[in-house]
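Single-structure report; data block below.
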Amino acid sequence: VLAALTGFVVLLACANIANLLLARGAQRQREMSVRLAMGAGRARILRQLLTESLLLAVLGGAGGLLLGYVGRNTLPKLLTNSWERGELGTFSAPIDWGVFAFTTAVTLLTGMLFGLAPAWLAARAEVSSSLKETSQNASRRRKGLGGKAIVAFQVALSTLLVLGAGLFLRTLVKLNAVDVGFNADHLLLFEISPPHQRYAPPKNVQLHQQLEQRIAAVPGVEDVAQGWIPYISESMGNADFVPEGETFDEHKDQAEYENAVGNRFFSTLQIPIIAGRGFGAQDTPTSLKVAVINQSLARKRFANVNPIGRRFEADRESKNGWIQIVGICADTKYANLRDDAPAQFFLPYVQQDKAGTMVYQVRTRMQAGALIPALRQVVQSVDRDLPMIDVRTQREQINATTQIQRALAALTTGFGVLALGLACVGIYGVMAYNVAQRTNEIGIRLALGARPAQLRAMILRESTWVTLSGIVVGVGAALLLTRAVKSMLFGIQPNDPLTFTTGIGALMAVALAASWIPARRAAGVQPMEALRHE
């Protein structure tokens with residue numbers, strides 16, 4: 001994607017350079033004719049103009065290398081989890097000699113390629129006709145078609161980039177607006193992974209119980225609970241779920257998503273209990289084994305019966321026996337934001353044979369950075385060799401799963417704004433050059449009774465048609481190419497009407513703004529000065 005975006009912008013920049021060189025070559029026709037009349041060969045003229053083009057390309061390439069060196073770590077930072085920044089903060093993407101050689105080759109090639117046509121046209125100047133003062137002939141409008149075609153090409157490429165940026169931005173907005181089913185604010189996460197050699201079962205369960213009690217007593221902690229699986233982390237775990245009365249069949253998929261959690265899990269995450277109860281102090285390692293299921297699982301496996309009080313077996317190989325359902329909770333997202341809330345069941349971790357690594361979820365109104373030292377001190381008071389792993393907030397955890405979308409939105413938006421700027425420069429340059437070349441014609445129109453408003457409308461109309469032709473081509477290409485990124489979108493279709501309408505409106509507004517100054521300049525021409533222009 002980055003390579004495609006870079007290629008589009010390079011094409012836009014090269015089209016702008018070609019356009020400016022064409023305009024400059026047209027203005028220098030008399031100069032080239034004088035040189036030819038004084039004995040300069042056409043090959044020498046061509047060589048001079050190509051040298052100028054290559055000099056421009058080298059200066060641009062040097063500036064690009066400098067920008068690349070300064071911003072070489074931007075993309076890695078966009079794809080780095082915020083809580084890993086300390087570990088990856090020293091990451092540096094190298095620019096080696098291979099990159100330098102490739103950039104140099106591309107720079108020289110573009111300088112040659114996009115400077116050759118303007119140089120060749122300038123070198124073909126007819127000495128006799130170009131030296132005549134009255135050589136501003138009627139063919140100018142025909143000569144201006146090349147510049148307008150390049151501008152239309154720029155607008156088409158800009159349309160692709162702007163519409164792509166709009167799609168990815170709307171995808172990110174849609175993802176950020178997803179209801180996860182629990183309160184993700186003011187929630188701090190970290191992992192505790194007891195060494196198996198030191199904390200063999202059931203010692204690891206006892207360790208987590210001790211840590212839970214001490215963390216709950218820390219000032220600023222409103223609630224705390226553990227879980228095997230943190231929500232919205234692209235992690236998942238499942239186990240057999242065989243209700244009483246249903247036969248286990250190894251050829252059927254009878255597994256459901258599971259999570260072993262602390263007794264205060266539902267209150268900590270503020271997940272509503274729809275029916276029955278959540279876990280409590282009465283659920284101990286020696287008490288009746290219990291479970292809470294969510295609404296999706298209740299609909300899926302207990303469609304016509306009340307699941308409260310019913311029993312099921314989970315993970316038959318562990319031979320834990322029957323587990324009784326004591327509550328139904330609201331649906332929540334599980335692994336990511338894109339998928340619908342899946343069927344889930346929850347077990348108290350204290351009733352499991354082993355706990356292993358647990359993710360602690362701490363609800364607090366304090367800033368996370370202010371609470372972390374106190375939590376670390378509590379953990380070290382229990383075991384000084386026990387680290388807190390991957391400390392982050394729940395919002396940071398959610399953002400980590402959308403980092404690809406955020407990177408795409410940032411890149412396409414940046415390139416889209418750059419494309420709009422380049423298109424604006426291209427349209428302004430062509431229309432300003434067009435007005436300058438048609439000063440004599442504008443003077444004649446004014447002398448024959450044309451009003452300034454009519455001339456202003458004429459220039460704006462020409463600019464609008466050039467822009468519309470480019471937009472039509474760009475929209476057609478976008479409708480074909482955006483299908484390739486359909487899997488990256490969320491909540492919208494590749495042909496989203498709002499995105500297309502907004503993007504086209506932005507392009508038209510930029511085109512009109514870029515054409516307004518040349519149009520106003522044309523409307524302000526004085527007839528006598530225009531007729532004496534030549």
Side-chain angles (χ1 to χ4, degrees), residues 12 15-31 118 130 132-159 162 417 419-474 501-534:
L12 281 171
N16 250 352
I17 293 297
N19 218 351
L20 293 174
L21 290 176
L22 280 171
R24 192 165 179 264
Q27 287 181 326
R28 296 176 67 187
Q29 278 191 354
R30 284 179 57 81
E31 175 195 341
S130 296
K132 293 179 181 178
E133 286 291 334
T134 58
S135 63
Q136 290 209 36
N137 49 52
S139 66
R140 270 207 191 108
R141 183 169 298 202
R142 176 181 56 81
K143 290 181 179 179
L145 291 177
K148 291 179 180 178
I150 293 176
V151 168
F153 174 70
Q154 286 181 283
V155 172
L157 290 179
S158 300
T159 303
V162 169
V417 171
L420 280 176
L422 290 173
C424 182
V425 170
I427 294 170
Y428 171 79
V430 165
M431 299 314 298
Y433 175 71
N434 190 31
V435 168
Q437 291 293 90
R438 297 170 63 184
T439 303
N440 184 257
E441 174 198 337
I442 291 171
I444 293 174
R445 288 178 180 270
L446 288 169
L448 292 174
R451 295 191 303 273
Q454 290 177 312
L455 292 174
R456 186 165 53 242
M458 178 184 71
I459 300 300
L460 291 175
R461 188 164 52 248
E462 290 183 12
S463 169
T464 300
W465 279 113
V466 171
T467 305
L468 281 176
S469 61
I471 287 176
V472 169
V473 174
T501 302
T502 305
I504 292 171
L507 286 163
M508 290 301 301
V510 166
L512 289 174
S515 306
W516 180 254
I517 295 177
R520 190 177 63 178
R521 188 177 301 160
V525 169
Q526 296 300 319
M528 293 305 297
E529 292 182 7
L531 291 174
R532 291 198 301 263
H533 182 67
E534 299 181 23

Check whether Gln454 reaches the backbone of Arg451 with its side chain - one donor and one acceptor, N or O, closer than 3.5 Å. yes

Nearest 0.5 Å please: distance from the [atom1] atom of [X] over to the [atom2] atom of [Y].
X: Leu512; Y: Leu507; atom1: CG; atom2: CG; value: 11.0 Å
X: Leu420; Y: Ile427; atom1: CG; atom2: CD1; value: 9.5 Å
X: Met458; Y: Glu441; atom1: CE; atom2: CD; value: 5.5 Å
X: Ser515; Y: Arg520; atom1: OG; atom2: CZ; value: 13.0 Å
X: Ile442; Y: Leu455; atom1: CD1; atom2: CG; value: 6.0 Å

Of the non-hydrogen atoms in [X] and [Y], which two are nearest, and what is the gap between them?
X: Ile459; Y: Ala522; value: CG1-CB, 4.0 Å
X: Cys424; Y: Val510; value: CB-CG1, 3.6 Å
X: Ala511; Y: Thr467; value: CB-OG1, 3.1 Å
X: Gly426; Y: Gln154; value: CA-OE1, 3.8 Å
X: Ala152; Y: Ser469; value: CB-OG, 3.7 Å

Non-hydrogen side-chain atoms of [X] and [Y] separated by less than 4.5 Å:
X: Leu468; Y: Met508; answer: yes
X: Leu448; Y: Ile444; answer: yes
X: Leu422; Y: Ser158; answer: no
X: Val466; Y: Val155; answer: no

